[in-house]
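Each remark here refers to the structure printed beneath this line.
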Amino acid sequence: MLASVLPGHLNQRMQLEWFFGRKPAAQAPDDWVLVGRRPVRLRFVRNRRARRYILRLRPDGTARVTVPRGGALEEARRFAGRNVAWLERELLRQALPPFRPSTWLAGTEILFRGAPVRLEIDADGIPPQVRFGTEASPVADANGDLRPAVEKHLWRLAARELPPRVLELAALHNLPVRRVTVRNQRSRWGSCSRRGTISLNWRLVQAPVFVRDYLLLHELAHLTEMNHSRRFWREVARVCPEFTEAERWLKRHSNLLA
């Protein structure tokens with residue numbers, strides 16, 4: 001992968017005027033960064049309230065680079081160049097179609113334990129069943145929306161599998177958990193209370209095993225650090241050295257919570 005920033009067309013005077021705010025607009029002329037073989041336009045925007053450089057990929061495929069007060073345009077370019085790998089991942093994610101349709105019919109593919117599986121109908125039984133991977137669940141209407149039946153089955157599966165795994169990991173790392181629940185959170189994978197109760201999202205059974213275990217260990221780590229401080233992340237790295245790989249997977253498949 002070629003990761004370099006293409007030089008823009010700003011002369012020194014233009015850069016100085018923009019840096020000191022003498023231009024009427026808050027945005028400098030654009031540059032380009034090469035992501036793989038694709039040139040991506042960089043739009044530099046100064047924000048006096050920003051405390052750091054920020055890179056965002058916009059829906060139109062351009063990248064917005066926020067420059068903090070006192071920041072330098074050349075440093076903004078270098079910052080974008082250091083984050084080409086992130087831009088490449090975001091471009092790939094942006095190009096992917098939504099993974100989960102709102103209605104699940106026969107033939108729809110869903111994630112189960114990290115792998116795509118197809119929903120198939122077995123109409124021989126009464127009632128008929130929907131099969132996916134190694135699992136099967138009865139459905140009222142084989143021609144209708146299978147999602148409610150499949151999600152209910154996955155929730156039951158999660159309630160059976162996740163609590164014992166949490167207790168196993170807690171014992172392995174000598175972490176005192178009091179109670180484990182499985183719920184239907186809409187915006188998080190799990191949570192940990194100060195009383196030692198861990199609540200988990202049933203959708204964890206759709207993730208690969210290494211991602212599932214990372215999320216369980218993430219919540220267990222909160223038993224020693226009820227925050228996301230550096231000490232917390234050191235604890236996460238201790239109990240789950242491959243957590244960065246799991247985090248990358250989660251960012252790419254965050255629509256599982258949609």
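All residue numbers refer to positions in the sequence shown, counting from 1.
Annotation for Arg165: atom CZ counts as buried by contact number, over 12 foreign heavy atoms lying within 6.0 Å. Surrounding CZ of Arg238 are more than 12 heavy atoms belonging to other residues, nucleotides or ligands, all under 6.0 Å away.
For His218 and Phe243, the distance between ring centers is not under 6.0 angstrom.
No hydrogens or angles considered: a donor-acceptor pair under 3.5 Å links the side chains of Tyr214 and Glu247. With 3.5 Å as the limit, one finds no donor-acceptor pair spanning the side chains of Arg49 and Asn47. Defined by atom type and a distance below 3.5 Å, a donor-acceptor pair is missing between the side-chain atoms of Asp145 and Trp104.
Residue Leu105 is not grouped with residue Phe132 when hydrophobic side chains (ILVMFWY) are merged at heavy-atom distances under 4.5 angstrom, including chains of intermediate members. There is no path of hydrophobic side-chain contacts, each under 4.5 Å, that joins Val67 to Ile54. Hydrophobic clustering of Ile, Leu, Val, Met, Phe, Trp and Tyr side chains at less than 4.5 Å, counting indirect connections, unites Val211 with Trp233. Hydrophobic clustering, with ILVMFWY side chains joined whenever heavy atoms are under 4.5 angstrom apart, groups Val236 together with Phe210.
The distance from the CZ atom of Arg89 to the CG atom of Asn83 is 9.0 Å, given to the nearest 0.5 Å. Once rounded to the nearest 0.5 Å, the distance linking CG of Leu175 with CG of Leu167 reads 11.5 Å.
For Glu120 and Arg131, the salt-bridge test fails: no basic side-chain N is under 4.0 Å from an acidic carboxylate O. A salt bridge between Glu151 and Arg156 is absent, with no side-chain N of the basic residue lying under 4.0 Å from a carboxylate O of the acidic one.
The two residues Val180 and Pro163 come nearest to each other via the heavy atoms CG1-CA, 3.8 Å. Considering all non-hydrogen atoms of both residues, Leu162 and Asn201 come closest at CD1-O, 4.0 Å. When all heavy atoms are compared, the tightest approach of Gly196 to Val177 is O-CG2, 3.5 Å. Closest approach of Asn227 and His222 over heavy atoms only: O-CE1, 3.0 Å.
His253 contributes a side-chain N or O that, together with a main-chain N or O of Trp249, makes up a donor-acceptor pair within less than 3.5 Å.
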